[in-house]
Structure formats: structure tokens, C-alpha cells
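Within every chain, numbering begins at 1; the chains are lettered A, B, ... in the order of the sequence lines, protein sequences first and strands thereafter.
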Number of protein chains: 2
Amino acid sequence: MKSDALRGHLDALILAVLEKEPLHGYAVMQAIQVSSGGALELPTGSLYPALRRLERAGYVQGEWRMVGGRRRRTYELTKAGERALAAERAEWRDFAAVVEGVLRPGTTPA
Amino acid sequence: MKSDALRGHLDALILAVLEKEPLHGYAVMQAIQVSSGGALELPTGSLYPALRRLERAGYVQGEWRMVGGRRRRTYELTKAGERALAAERAEWRDFAAVVEGVLRPGTTPA
DNA sequence: TCTCTATATGTAGACAGTCTAGTTATCGGG
DNA sequence: CCCGATAACTAGACTGTCTACATATAGAGA
């Protein structure tokens with residue numbers, strides 16, 4: 001996987017794994033890794049800034065918790081985050097359709 | 001379409017429209033616009049640097065021509081470019097599958 | 001006990017590709 | 001004569017991702 005192919009789509013993935021249940025950062029990382037079949041091992045230097053960005057945007061809400069002597073910041077999808085996720089999904093569908101249309105060999109549509 | 005959703009996938013699109021026939025920059029722009037159903041109007045500030053990058057990489061070969069008093073630089077896909085295109089197509093398939101897997105609502109695979 | 005791994009969060013700075021906005025130039029139509 | 005389409009190109013801004021680093025706890029195993 002090219003390193004920056006995700007550019008512009010990472011937010012969607014994070015919102016998607018937070019849809020089912022609130023997770024803390026490290027768990028988000030693992031959830032994405034699992035649901036991508038191991039293909040995506042996103043570095044913490046990508047994840048944490050993205051989470052803060054999403055929080056600033058009001059799409060997730062973070063809360064500190066102590067669990068077994070370790071501090072965790074658990075993020076929960078907000079209403080605005082749900083709407084953003086729906087928009088991201090629609091956007092992805094459009095984007096994928098466009099790329100596949102151009103990438104498809106042979107026919108050039110009228 | 002988010003402005004930088006293409007990030008990392010533009011090269012693939014350019015190589016794809018050059019697969020059928022050699023085109024000059026402006027024609028590449030139009031070909032992508034047409035084959036994307038009008039969704040992608042990529043600015044020349046994105047296109048021309050990308051073409052030069054692809055030429056430096058040896059994936060396309062450019063040649064100056066004069067047509068009706070206007071100079072054109074026509075780009076042709078090289079053998080290496082064909083291989084790169086095949087690789088980009090495979091990469092896109094993988095990428096799309098991964099994103100869709102994570103984005104898909106409901107089930108979290110084991 | 002000591003060490004190593006996994007857990008857990010975060011920052012600083014590099015990097016690179018895309019975009020904005022601009023330049024130059026020819027041709028054809030109104 | 002001017003304007004829009006064609007045609008190519010650059011400088012610099014922008015921004016999101018990555019590399020590498022820093023910190024700290026818990027638990028397993030030697």
C-alpha cells in the first residue's frame with residue numbers, strides 16, 4: 001500500500017470504526033488493522049493528530065479514563081460525526097466510481 | 001469531491017488515459033474529465049507537474065510537436081509505464097477493497 | 001530482579017503531492 | 001478588436017501523513 005494513498009480518506013475510516021462503539025486511540029488503531037485484514041497498520045503519528053482534528057471538528061468527543069493504571073482517551077461519535085460519516089461514505093462511493101471509470105481499460109465513454 | 005482525495009491516485013488516472021493513445025497535456029485533462037463523467041476537472045497546476053514526474057520516472061515519454069501554430073508536448077506510455085499502470089490498477093483494487101471493508105457498516109470481521 | 005513486549009498517548013519536523021493564482025502565447029469567432 | 005478556447009508552465013502555499021522520538025505502566029518470562 002502506497003504510504004499516502006489514504007490521504008483524504010483516513011477520517012472516514014476512523015469515524016467508521018467508532019460507529020459501533022466508543023474506542024480509545026490505540027483501540028481505533030487495532031480496529032482498523034483488524035477490519036482491513038491486517039493491511040492497514042497506521043502509525044500513531046497519523047492516528048493521534050487525526051483524532052484531535054476530528055475532535056476539533058466536533059465529529060468525535062474525547063474523554064479521559066483510567067483503566068488498570070493506564071490513562072485512556074476514549075472517543076465517541078457525535079451526532080455531527082454520524083452525519084459526517086454518512087457524507088464520507090457517499091463521497092467514497094462517488095470517488096471510487098469515478099476512479100474505476102477512468103481506470104477501466106478499453107472503453108472510453110462518450 | 002474533496003480537493004485532495006485523488007492524492008496518490010492521480011498517476012494511475014493519467015497512465016490509464018494514455019493507454020489507448022498518446023495525448024498532450026491538455027488532451028489528458030479533457031480525457032480524464034470525459035471519462036470521469038465530468039466529475040474531475042483537474043487544474044493544470046496538478047496535471048503538468050504530474051506529467052513531468054511521470055516522465056522523470058520513465059513511465060511516459062514526451063515529444064514536442066507543432067500543431068496549427070501551437071506547440072504541444074505529446075506523451076506516450078512506455079513499456080515501464082504499462083507495467084506501472086498494471087501495478088497501479090492492482091494497487092487500486094487492494095486499496096478500494098480495504099477501504100470498503102473498513103467503511104462497511106455493521107459487521108466487524110473476526 | 002531485570003528485561004522485554006504490549007499497551008497507551010503524544011509531539012516535532014520532514015516530506016510530498018495537490019491546489020491557487022499567475023504568466024505567456026496562438027487561433028478563431030463575434 | 002476583443003474574448004474565449006486551446007496549450008503549456010511555474011512559484012509558493014497548504015495540509016495531511018509519516019518518521020522518529022519521548023514518556024509511562026502492566027505483565028510475562030528468564
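- The OH atom of B:Tyr59 sits 8.0 Å away from atom CD of B:Glu88, with the distance rounded to the nearest 0.5 Å.
- The distance between atom CG of A:Leu6 and atom C1' of D:dT17, rounded to the nearest whole Å, is 9 Å.
- Residue A:Leu10 is in sugar-phosphate contact alone, with no base atom involved, counting any heavy-atom pair closer than 4.0 Å across all strands shown.
- In this entry the distance linking NE2 of B:His9 with C1' of C:dC19 reads 17 Å, nearest Å.
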message: side-chain contact (heavy atoms from CB on, under 4.5 Å), that's the test. Do B:Tyr75 and B:Val28 meet it? Break it down for me.
response: CA-CA 9 Å; B:Tyr75 293 93; B:Val28 166; 5.6 Å; no
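- Nucleotide C:dT5 holds its P atom 13 Å from the OH atom of A:Tyr26, rounded to whole Å.
- Contact annotation: B:Gln30 does not reach the phosphate of D:dA5 (side-chain N/O to OP1 or OP2, under 4.0 Å).
- For B:Arg71, no side-chain nitrogen or oxygen approaches OP1 or OP2 of D:dA7 to under 4.0 Å.
- Summarising the geometry, the separation between CE on A:Met66 and C1' on D:dA24 is reported as 10 Å, rounded to the nearest angstrom.
- The CG atom of A:Leu51 sits 11 Å away from the C1' atom of C:dT9 (whole-angstrom rounding).
- In terms of heavy-atom proximity, B:Leu77 sits nearest to B:Leu85 at CD2-CD2, 4.4 Å.
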Just list the side-chain donor-acceptor pairs under 3.5 Å for residues 38-55 of chain A, sequence neighbours left out, or say none.
| unit_1 | atom_1 | unit_2 | atom_2 | d |
| --- | --- | --- | --- | --- |
| A:Arg53 | NH2 | A:Asp11 | OD1 | 2.9 |
| A:Glu55 | OE2 | A:Gly62 | N | 3.0 |
| A:Glu55 | OE2 | A:Arg73 | NH2 | 2.9 |

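- Counting only heavy atoms from C-beta on, A:His24 has its side chain closest to C:dT9 among C:dT9, D:dC18, D:dT17.
- Rounded to whole Å, atom C1' of D:dA11 lies 17 Å from atom OH of B:Tyr48.
- Atom CD in A:Gln33 sits roughly 13 Å away from atom C1' in C:dA6 (whole-Å rounding).
- Atom CG of B:Leu103 is separated from atom CG of A:Leu13 by 6.0 Å, given to the nearest 0.5 angstrom.
- Using modelled atom types, one side-chain atom of B:Thr78 and one backbone atom of B:Gly58 make a donor-acceptor pair closer than 3.5 Å.
- The two residues B:His9 and A:Phe95 make their nearest non-hydrogen contact at CD2-CZ, 4.0 Å.
- Each of B:Ser46 and A:Pro43 was assigned the nucleotide of DNA chain D with the nearest heavy atom; the assignment lying further toward the 5' end belongs to B:Ser46.
- In this structure, A:Arg52 places its CZ atom 14 Å from C1' of C:dA8, rounding to the nearest Å.
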- request: Take nucleotides 21-30 of chain C nucleotide by nucleotide from the 5' end and write B, S or -, depending on whether a protein heavy atom sits under 4.0 Å from the base, only from the sugar-phosphate, or from neither.
  value: BB---BB---
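- The nearest heavy atom of DNA chain D to B:Arg73 and to A:Pro49 marks one nucleotide each, and the one closer to the 5' end goes with B:Arg73.
- A:Arg53 has a side-chain polar atom (N or O) that falls below the 4.0 Å cut-off from OP1 or OP2 of D:dT17.
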